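Chain naming here is simple, since letters A, B, ... match the order of the sequence lines and numbering starts at 1 in each. Every value quoted in this text rests on a predicted model; they were computed, and no experiment measured them.
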2 protein chains.
Amino acid sequence: MFSKACEYGIKASIFIAINSFENKRVSPKEISEEIDSPTAFTAKILQALVRHNIIDSVKGAYGGFEIDKKRISSIKLSQIVNAIDGDKIYKGCGLGLHTCGEEHPCPVHDKFKVVRTELKDMLENTNLEELALDIKSGVAFLKI
Amino acid sequence: MFSKACEYGIKASIFIAINSFENKRVSPKEISEEIDSPTAFTAKILQALVRHNIIDSVKGAYGGFEIDKKRISSIKLSQIVNAIDGDKIYKGCGLGLHTCGEEHPCPVHDKFKVVRTELKDMLENTNLEELALDIKSGVAFLKI
DNA sequence: TTTAATTAGGACAAAATTATCTTAATTAAA
DNA sequence: TTTAATTAAGATAATTTTGTCCTAATTAAA
Ligand code: SF4
Ligand code: SF4
C-alpha cells in the first residue's frame, strides 16, 4: 500500500508530534528506536519531511526535530503520504494504465475508484493530532 | 497498490478469458502485446497463475494459455491478487506493524481497516467474466 | 516416430527501493 | 570565538522487484 519510507515517515511524524506537545525535540536515533526503523534511512526521510515543511529541524546543541504545536492538528496524513510517495496512490492505481480516467478506463476502474476515493478521503480527514493522542492514551502503538 | 507483476497478471487473465470465450488459446507474445507488458516477465507471471490453478496451459503445437469457459465467472480478482502478491494487502497494511490487530493496533488501524475491508470485498466480489465483458463491449481498455 | 511449436525453468541483468556510512554544514552553548 | 552537538548531504551497499535470455521439457500434429 505505502512504501516503507512512507510508513516510517508517518510513524516518525506521530512520534515527533507527541514530543512537540511536551516541547521536546527528538533526534533520528530516538525516533528510529521508538518506531523500530533503520536510523540512517529514517534520517533521510526526516530530511524530506523538512523540505516539504511538514516537520521542522533545529541544528546544533539541543537541536532535533519538532513540529510547531499549533500546526499539529492541521497536518493531514495525506500531506505526509504525498511528500514521500507522491500522488500515485490517488492518481495511478488499479491496473496502472498510462492514460486512465473516465473516458479511457481500465476494466477495474469503476470498482476501484470507490475504494481509492475512500482511501483519499480517509487520508485527507485524518490529522496528526488525533493519531498522536491515540498513542498517548495507550489506545494505539507505534512498534512491535 | 498492486505490484507490476500483479497488474500484468490481472490484465493477462482478462485477455485470456476473452479469448477462451471464443475457444482460442493465446501465447505470452500475444498477451504481452495486448496488455503492453514485457513478454518474458509476463511469461513468468503466467507460470505462477498456472501453478495456482487460475489459468491452464497447453504445450506444443496449437497450444497456449486458456481458461475453462465454465470457470471464468467463478474466478475472483482476489484469487489473482492472492496468487501473485500474497495476502499482504488484506493482512499487513497501514503502518505495517509486525504484530497488528485489534488488541495491538497502530494509530491508523481503525481508519484503515474500513478501507482495507472495502478493498477486500471489492476484490472478492469481482469476477473475470464481468471484467472481460467490459473489454468486449468496448466500455473498458487493457492498454494505453 | 519425428518434428515443430510451445510452455517451463533457471541463470542472469537492470532498475528501484531500502539501508548504511562518512563527511560537510550549521548552530547553540560554553 | 571556540567547541560540541546536531542535521544535511553525498557516496555506497544490500535487497527486492522488474525484466531478459537461453535451454529443457512437453506435446500435438505431420
Ligand atoms: S482506469 Fe481507473 S482504476 Fe484503472 S488505472 Fe486508471 S484510474 Fe486506476
Ligand atoms: S494495526 Fe491495523 S492498520 Fe496498522 S498495520 Fe496492523 S492491521 Fe494495518
Side-chain angles (χ1 to χ4, degrees), chain A residues 1-13 16 19-20 23-33 35-67 81 83-86 88-89 92 95-96, chain B residues 1-13 16 19-20 23-33 35-67 81 83-86 88-89 92 95-96:
Chain A
M1 182 73 76
F2 303 122
S3 67
K4 278 286 166 195
C6 193
E7 288 182 11
Y8 299 155
I10 295 171
K11 291 192 224 183
S13 299
I16 295 167
N19 281 276
S20 293
N23 303 303
K24 280 189 281 188
R25 290 171 185 155
V26 283
S27 67
K29 182 137 185 293
E30 291 174 89
I31 294 169
S32 59
E33 274 168 6
I35 71 175
D36 201 26
S37 67
T39 306
F41 188 45
T42 305
K44 291 288 186 206
I45 297 159
L46 294 170
Q47 287 178 31
L49 292 174
V50 170
R51 277 194 297 273
H52 282 85
N53 298 308
I54 291 168
I55 63 177
D56 297 301
S57 69
V58 179
K59 288 177 185 171
Y62 295 87
F65 295 90
E66 64 181 9
I67 307 175
V81 172
I84 300 174
D85 279 351
K88 66 176 178 229
I89 199 114
L95 303 189
Chain B
M1 181 74 75
F2 302 122
S3 67
K4 278 287 165 197
C6 191
E7 288 182 11
Y8 298 154
I10 294 170
K11 290 191 221 182
S13 299
I16 296 167
N19 282 276
S20 292
N23 304 303
K24 280 189 283 187
R25 290 172 185 155
V26 284
S27 66
K29 181 137 186 295
E30 291 173 272
I31 295 169
S32 60
E33 273 167 8
I35 72 176
D36 200 26
S37 67
T39 305
F41 188 45
T42 305
K44 293 287 185 203
I45 297 159
L46 294 169
Q47 287 179 31
L49 291 174
V50 170
R51 278 194 297 272
H52 281 86
N53 298 309
I54 291 167
I55 63 178
D56 297 301
S57 69
V58 179
K59 288 176 186 172
Y62 296 86
F65 294 90
E66 65 183 8
I67 307 176
V81 172
I84 300 174
D85 279 352
K88 66 177 177 225
I89 200 113
L95 303 188

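- If you take CG of A/Asp56 and C1' of D/dA8, they are 15 Å apart, rounded to a whole angstrom.
- For A/Ser57 and D/dA8, the shortest distance from a side-chain N or O to OP1 or OP2 is below 4.0 Å.
- Nearest heavy-atom pair, B/Ser37 versus B/Thr42, reported as atom, atom and distance to 0.1 Å: OG-OG1, 2.6 Å.
- Positionally, the nearest nucleotide of DNA chain C for B/Val26 lies more toward the 5' end than for the other of A/Ala61 and B/Val26.
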- Run the side-chain contact (heavy atoms from CB on, under 4.5 Å) check on B/Ile84 and B/Tyr8 step by step: do they pass? CA-CA 10 Å; B/Ile84 300 174; B/Tyr8 298 154; over 6 Å; no
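- Rounded to whole Å, the distance from CZ on A/Arg51 to P on D/dT7 is 15 Å.
- Atom CZ of B/Phe41 is separated from atom P of D/dC21 by 15 Å (rounded to the nearest Å).
- The CZ atom of A/Phe41 sits 11.0 Å away from the CG atom of A/Leu46 when rounded to the nearest 0.5 Å.
- Between B/Tyr8 and the phosphate of D/dG19, there is a side-chain N or O to OP1/OP2 separation shorter than 4.0 Å.
- Taking atom NZ of residue B/Lys4 and atom P of nucleotide D/dT20, one finds them 13 Å apart after rounding to whole Å.
- Of all nucleotides present, only C/dT1 satisfies the Watson-Crick or G-U wobble test against D/dA30, with each distance under 3.5 Å.
- In this structure, the CD1 atom of B/Ile84 is 20 Å from the P atom of D/dT16, given to the nearest Å.
- In this structure, A/Lys29 pairs ionically with A/Glu33, as a charged nitrogen and a carboxylate oxygen lie closer than 4.0 Å.
- Residue order along DNA chain C, read from the 5' end via each residue's closest nucleotide, puts A/Cys6 first among A/Cys6 and A/Lys59.
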- Query: Could you walk me through whether B/Phe65 and B/Asn19 pass the side-chain contact (heavy atoms from CB on, under 4.5 Å) check?
  - Reply: CA-CA 9 Å; B/Phe65 294 90; B/Asn19 282 276; over 6 Å; no
- Task: Determine, step by step, whether A/Ile16 and A/Leu49 satisfy the side-chain contact (heavy atoms from CB on, under 4.5 Å) criterion, reporting the C-alpha distance in whole Å, the side-chain angles of both residues, the deciding distance to 0.1 Å, and the verdict.
- Result: CA-CA 12 Å; A/Ile16 295 167; A/Leu49 292 174; 5.9 Å; no
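- Atom pair A/Ile31:CD1 and D/dA8:C1' shows a separation of 14 Å (rounding to whole Å applied).
- D/dT17 atom C1' lies 13 Å from atom CD of B/Glu7, rounded to whole Å.
- Shown here, D/dA13 forms a base pair with C/dT18; the pair counts as Watson-Crick or G-U wobble because both key distances fall under 3.5 Å.
- Take the nearest nucleotide of DNA chain D for B/Val58 and for B/Ala5: the residue whose nucleotide is more 5' is B/Ala5.
- Contact footprint of chain A on DNA chain C: nucleotides with an atom under 4.0 Å from a non-hydrogen protein atom, first to last in 5' to 3' order, C/dT18 to C/dA29.
- Taking all atoms of both residues into account, the shortest heavy-atom contact from A/Ile35 to A/Ala12 is CD1-N, 3.8 Å.
- Pairing partner, C/dA11: D/dT20, with both Watson-Crick or wobble hydrogen-bond distances short of 3.5 Å.
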